[in-house]
Structures are given as C-alpha cells and as structure tokens.
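Data first, discussion second: the structure below is written as structure tokens.
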Amino acid sequence: MSDDLTRLTASHLAGLLAAGEVSSVEATRAHLDRIEQVDGDLHAFLHIAGDAALRRAGEVDRLRADGADVGPLGGVPVAIKDVLCTKDMPSTAASRILEGWIPPYDATVVARLRSANLIPLGKTNMDEFAMGSSTEHSAFGPTHNPWDLDRIPGGSGGGSAAAVAAFEAPFALGSDTGGSIRQPAAVTGTVGVKPTYGGVSRYGAIALASSLDQVGPVSRTVLDAALLHDVIGGHDPHDSTSLDQLWPSFEQAARAGAENLDLRGIRVGVVRELSGEGFQTGVQQRFDEALALLASAGAEIVEVSAPHFEYAIAAYYLILPAEASSNLAKYDSVRFGLRVTPEGGGTVEQVMAASRGAGFGPEVKRRIILGTYALSAGYYDAYYGSAQKVRTLIQRDFDAAFGQVDVLVSPSAPTTAFKLGAKMDDPMAMYLNDITTIPANLAGIPGMGLPVGLAPEDGLPVGIQLMAPAREDARLYRVGAALEALLEDHWGHPLLDLLPADFGRHPAGADRIVPLPGPGTEPDGGTH
Ligand code: GLN
C-alpha cells in the first residue's frame, strides 16, 4: 500500500483523502518511507520534516473527521525548495552562510500551503542561492538524477525535481530566476511552471535576482501543477511587485485542456532561435514529434523569429549578478548567519571578510565579483546599462511574436541530463544551458516545461517549453494539459512509468521508448 500511495498524483491522492479511503497520516508515512528508502542515493532533501509532518497529517485527519472543510488538497504531502523560508525548518538556500538558520517567519507561499492543509515533507536541495543548472553548487553535496544516478537532476531546483520524479513527493515548490524550475523538470521528466512575474509572492523567498525570481510548482502532471499554483498564487501585500488582480482557476484551465483535445484555432509559434544548432539530436527529434502531435490535434504551427534572443544569456549574466551581489550584501555575519572570527580576533571588516570567504561557495563568489564589477561607476553604462537595453529588446521580440501566435514553444533545455562533474570547471558551458529558459524571465512572462519522451540516444527525458504572454498563465495550463493528454494517449501511460523501480542503477534503455508519429519517424513507428 505504502508504495502505491507514492505513485499517485496529488489530485488522485486528494480524491482518496476526500473520500476517506486513505488518511493523510498513511499518505505522509508512505512518502517518508519512500524518502528513507531512496534519498540516500538521490540526496534530494536537505531537511526531512519527519515527525512534524506526521503530526500535522494527524491534525488534518482529525479536522476532516470532525467535518471541517480542509480544502481540495487537504492532507496531501508537498516538498519545499530550501530557498523558501519556513519557520519550523532550517532554510539555507544550500549555503554554508545560512547553515542551520531557522527563519522567524514563513514565506507567503509556505503560509498558503499550510493554510490549504498541505503537509510539508521537508526542504529540497538546490544550487547555492539558486545559482546553477545542476545542483552541484549546493554546499551540502549534489542531488542525483533518478533516471541515472551519475547524471545531474538540473538546477538550481534539482532537489524538488528529483524528489517528484522519484515519487518521494507528489509535488513540490521551486523557484525560477533563469530556468530553475523548467530545466530540472526537463531533465527529470516532470512538469514545472514559472508563473508570470508578480503572479506568485516572493515574500520570504531568499532572493537571488529580485527582478527575475518567481516561485512555482513542480509536479508529475499539468493538473497537479495547476492545483498547487492555485494555492500559492495571487496578490500579497508583503511583496511590492505582486500583481493586484484576480486570477482565473488554473485547475479549471488544466481540466478544460485535458477534456478538449481539439486545438483548432490555437496558433503555436516555434522560436527559430531556440532550436537547431547546439541542440541534441534526440531532444530536437522529440520536440518535433510533439509539434506534429499538436498539429494533428488541429493547432496551427508557425515559425517565429526572436532576433535578440542571441543576446539573452549575456544580458542575464550581467543583470543577475548585479542584483545578486546587492541581495547577498546582507550576509555580513552581524545580523544572522555564519560568523567566522580570524585567529586572534579582528575588525568588523575582517570578521565580515572571513565569514563571507568561508560561507560562500565559488560560484556565489564569482557572481558577486561579476555583479559588483558590472555595477561599478566606470562600467555601469557599458555593462549593466546595455544589458537592461537588451532586456527591453527581448521583451519587444516577445510582444511581436505574441502578435502572431497564442503560445510560443521551444525545447526546455538544449540537452538531456549531462554527467555530474561534466561542466563544473567550465562556468560558460554551464551558463549556456539556460539559453531556452532565460528569455521568459527577462520578459516576466510565464513558461511551462513538460515531458515529451526520452531521447533515443541515451534514454533520458526531454522537455518542451510553452510560453504565453504575461498574465496568461491559464493558456499554458490549457494547451499543456491537452498536449499531455495527447502524449499519454499515444504512450498508453505517463512517461514516469518508464522510470525503473530500482532507478538509477542502470539507465533506462532506448528500447523501452515508444516513438511518436511525426517527422523523421518510420511508418512502423521505429526511429532508430
Ligand atoms: N541556471 C540559471 C542560473 O544559474 C538559473 C538559476 C535559477 O533559475 N535560479 O542563474
């Protein structure tokens, strides 16, 4: 029973809880058992709530038994990226400088999970301060990809993605500044959504780059992402950039998408600059097949150009370090966090230097140096100022593209999961991973990643990214749920069913992949 409960989607589990067929204690215990069983291999969690989770689950069970309305997701377990403040668990952003720090308050999104009676299972691993694409920059050691333990789970939110893919949690919260929800989703075969900037509160999310950060859901289905998004989203007076508007029900959008697979009238724009050269063959192939499937459902597929996307990475890696260097200035060893006193004592400056020297990892230091340089008086116009102008040009590219189409698509990431260690000595190679996801952050628009199969050459998951204009997140849920349903009809099961039970010990073989009809596919369905 235990194992079965962990295989259920959040929406399915919520149904069983509501019907009284399963208790929250049983569901929570099943996930904690699963964590116990596999997290030694994965290291998706930095902190496991254990007793607190079971206690809370018991309370929710009692509330339900007393006839209280515990909400549609009451009693369902959830994992939380360690970038989010939780008043009952350490919140470290995977940095030594915050090791053991327990915040005095909950992030708004966490408070909303609690009031919706979800059960926090623990805090998930990430790249330090969310800087990275592989979770290898965590000060507490990397997370492993359940599809192949020698490979990265993506980053920075590799912990949340791996936990969801490996059935340690039905869904999780992530944060996405340049792709940290969508790229881990791509390489683990999960669904991830970066909401419209301002759609979800950033209050209590440990800041990386404030003009880019958004919290969002990670799940195994589009519907589950929508359910979680409905819980965490909406206006928050504690966040001055929070949009004060009413949002439609994303659950309804996802349900409508799954029920109506007729996509006639939907125009899908393929971004020319986000495919082709530099993209792995199998990634491109699965992406093209997904497009063929959308076309077979009646969607109109057109190519659109976004000429300034070629400068997106350069602009992002100036804007992000500039904002990050300011945000990280508060870790001064005085107010909170690690304090290292040099031998024999020292001035305030010396204590601060020693603390920051010991507390921050190499990638964080690299970005602080980059950011302070880009903001320095002599170079501000040349670097930071130019990057902001490029940001505007990218926003205009999106405006022009959305004048022609309803959604834009690209592969979620240029390659499948690479080997742990492969890019650690080459920051530039690591940064290039973000080419597909960064434009949406620079423009503040919503993006969704969902799995479209396994690459024939390595048997690893491939994701498609859907993007919509700002505030049109519901459109992503509708089209995403339709595409997901079309794919599952074709495969006959969800993609994650292919994840071996003893995952990671041997990579999934290409022979287990059902190809889709589409370009490059033989009539008998064989692609290789
Ligand atoms: N990989 C990107 C970076 O290193 C994205 C990080 C993020 O979204 N938090 O900045």
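For the single chain, residues carry numbers from 1 onward in sequence order. First listed ligand is number 1; within each ligand, the first listed atom is number 1. All values derive from a computational prediction rather than experimental measurement.
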Worksheet item: Tyr203 vs His238 aromatic rings, parallel, tilted or perpendicular, using cut-offs 30° and 60°?
Response: parallel
Practice prompt. Taking atom types as modelled, find out whether Asp239 and Thr241 have a side-chain donor-acceptor pair closer than 3.5 angstrom.
Written response: yes
Worksheet item: At under 4.0 Å between heavy atoms, which part of His137 makes contact with ligand 1: side chain, backbone, both or neither?
Response: neither
Worksheet item: Of all the atoms in ligand 1, which lie at a distance below 4.0 Å from a heavy atom belonging to Tyr316?
Response: 2 (C), 3 (C), 5 (C), 6 (C), 10 (O)
Worksheet item: What do we get for Phe129 next to ligand 1 when only non-hydrogen atoms under 4.0 Å count, side chain, backbone, both or neither?
Response: neither
Discussion item. For ligand 1, which is the ligand I care about here, please tell me if Gly132 has any N or O atom under 3.5 Å from one of the ligand's N or O atoms.
Written reply: yes
Item to complete: Classify the angle between the aromatic ring planes of Phe398 and Phe402 as parallel (below 30°), tilted (30 to 60°) or perpendicular (above 60°).
Response: parallel
Worksheet item: Heavy atom under 4.0 Å from ligand 1: found in Thr177's side chain, backbone, both, or neither?
Response: both
Worksheet item: Mind checking whether Tyr384 and Tyr379 have ring centres under 6.0 Å apart?
Response: no
Worksheet item: Heavy-atom contacts under 4.0 Å between Leu208 and ligand 1: side chain, backbone, both, or neither?
Response: side chain
Worksheet item: Does any N/O atom on Arg367 come nearer than 3.5 Å to any N/O atom on ligand 1?
Response: yes
Worksheet entry | Region of Ser156 engaging ligand 1 - heavy atom pairs below 4.0 Å | side chain
Worksheet item: Going by the atom numbers of ligand 1, which of them fall below 4.0 Å from some non-hydrogen atom of Asp176?
Response: 8 (O)
Discussion item. Check the orientation of Trp101 and Phe336. Use parallel for under 30°, tilted for 30 to 60°, and perpendicular for over 60°.
Written reply: parallel
